[in-house]
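Have a look at the structure below before the remarks.
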Amino acid sequence: MAKRRQNRRELRATDTPIVGILTGSPSDLPVVNEAHDVLVSLGVPSEVHAMSAHRTPDLVVDYVTSARARGLEVLIACAGMAAHLAGVVAAHTTLPVIGVPLAAGSLGGFDALLSTVQMPPGVPVAAVGVDGTRNAGFLAARILALGHPELTPRIEAALAADRKRYGKPPPARAKKPAKRAKRK
Ligand code: RP5
């Protein structure tokens, strides 16, 4: 098993998806595509689909119950308002599910945050912050890195690149020599 892993080709973003990114409405796609962008930047193959726990429940169940057999290893579920998508996804699979509450509607995402995060024991959703689609991508990559070790240096490189935005700290000021007491 370990040997087979060693011989395995490294993951590329163009491979068969191993992350499924779902969202409750096509209107969510601009923010949801940021999860996909992060995964592409880390070379993790993923796919994005709009499907709703309320409007297209059968589609959600079909997608999630066949996900593992299609090679998906982590699911990201995003939704705004009465955000039940991540919970419904978690109810139909034992794959890890990352929930992203979205800031849609009049309550600024607080409604979606509570709907996403307050899951009953045994059916966990690992929720990130409101509109936290980029972090959902990074969290998916960290989970996947346990079985795809080539992802760890890519994640570290992304963090190092981000740190560059902060610039270098100013050089420490040289200490002035202490004044000598005058001789009398
Ligand atoms: C949620 O309702 C969706 O995830 C979306 O954030 C929100 C509004 O959906 P639309 O009415 O724009 O389709 O289920």
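Note that ligands are numbered from 1 as they come in the structure, with each ligand's atoms numbered from 1 the same way.
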Next on the checklist: Checking a contact table here: which protein heavy atom is nearest atom 14 (O) of ligand 1, and how many Å away?
Outcome noted: Gly80 O, 3.9 Å
Please tabulate, for side-chain N and O atoms in residues 125-140, each donor-acceptor pair with protein atoms closer than 3.5 Å (sequence neighbours left out).
residue	atom	partner	partner atom	Å
Asp131	OD1	Ala103	N	3.0
Thr133	OG1	Val31	O	2.8

Next on the checklist: Side chain or backbone, does Ala104 bring an N or O within less than 3.5 Å of an N or O on ligand 1?
Outcome noted: no
Checklist entry - Which ligand 1 atoms does Gly24 reach within 4.0 Å, using its non-hydrogen atoms? => result 3 (C), 4 (O)
Next on the checklist: Under 4.5 Å between side-chain heavy atoms, counting indirect links through other Ile/Leu/Val/Met/Phe/Trp/Tyr residues: same cluster for Leu59 and Leu72 or not?
Outcome noted: yes
Checklist entry - Numbering the atoms of ligand 1 from 1, which are under 4.0 Å from a heavy atom of Ala79? => result 4 (O)
Checklist entry - Which atoms of ligand 1 have any heavy atom of Met81 under 4.0 Å away? => result 2 (O), 7 (C), 8 (C)
Next on the checklist: Please check whether Asp28 reaches ligand 1 - meaning an N/O of the residue sits under 3.5 Å from an N/O of the ligand, judged on distance alone.
Outcome noted: yes
Next on the checklist: Are more than 12 heavy atoms, taken from residues, nucleotides or ligands other than Arg142, located less than 6.0 Å from that residue's CZ atom?
Outcome noted: no
Checklist entry - Considering only the protein, which heavy-atom contact is closest to atom 13 (O) of ligand 1, and what is its distance? => result Ser25 OG, 2.6 Å
Checklist entry - Are His148 and Ile18 close enough, and set up right, to give a side-chain contact (heavy atoms from CB on, under 4.5 Å), and what steps lead you there? => result CA-CA 11 Å; His148 301 271; Ile18 60 172; 4.0 Å; yes
Next on the checklist: For atom 12 (O) of ligand 1, what is the closest protein heavy atom, and at what distance to 0.1 Å?
Outcome noted: Ser27 OG, 2.6 Å
Next on the checklist: Has Glu150 got a side-chain atom pairing as donor or acceptor with Leu11's backbone, closer than 3.5 angstrom?
Outcome noted: yes
Next on the checklist: What I want to know is whether Arg55 and ligand 1 share at least one N or O pair that is separated by under 3.5 angstrom.
Outcome noted: yes
With a cut-off of 3.5 Å and sequence neighbours excluded, list every side-chain donor-acceptor pair involving residues 32-44.
residue	atom	partner	partner atom	Å
Asn33	ND2	Leu29	O	3.2
Ser41	OG	Val38	O	2.6

Checklist entry - Do the side chain of Thr23 and the main chain of Cys78 share a donor and acceptor less than 3.5 angstrom apart? => result yes
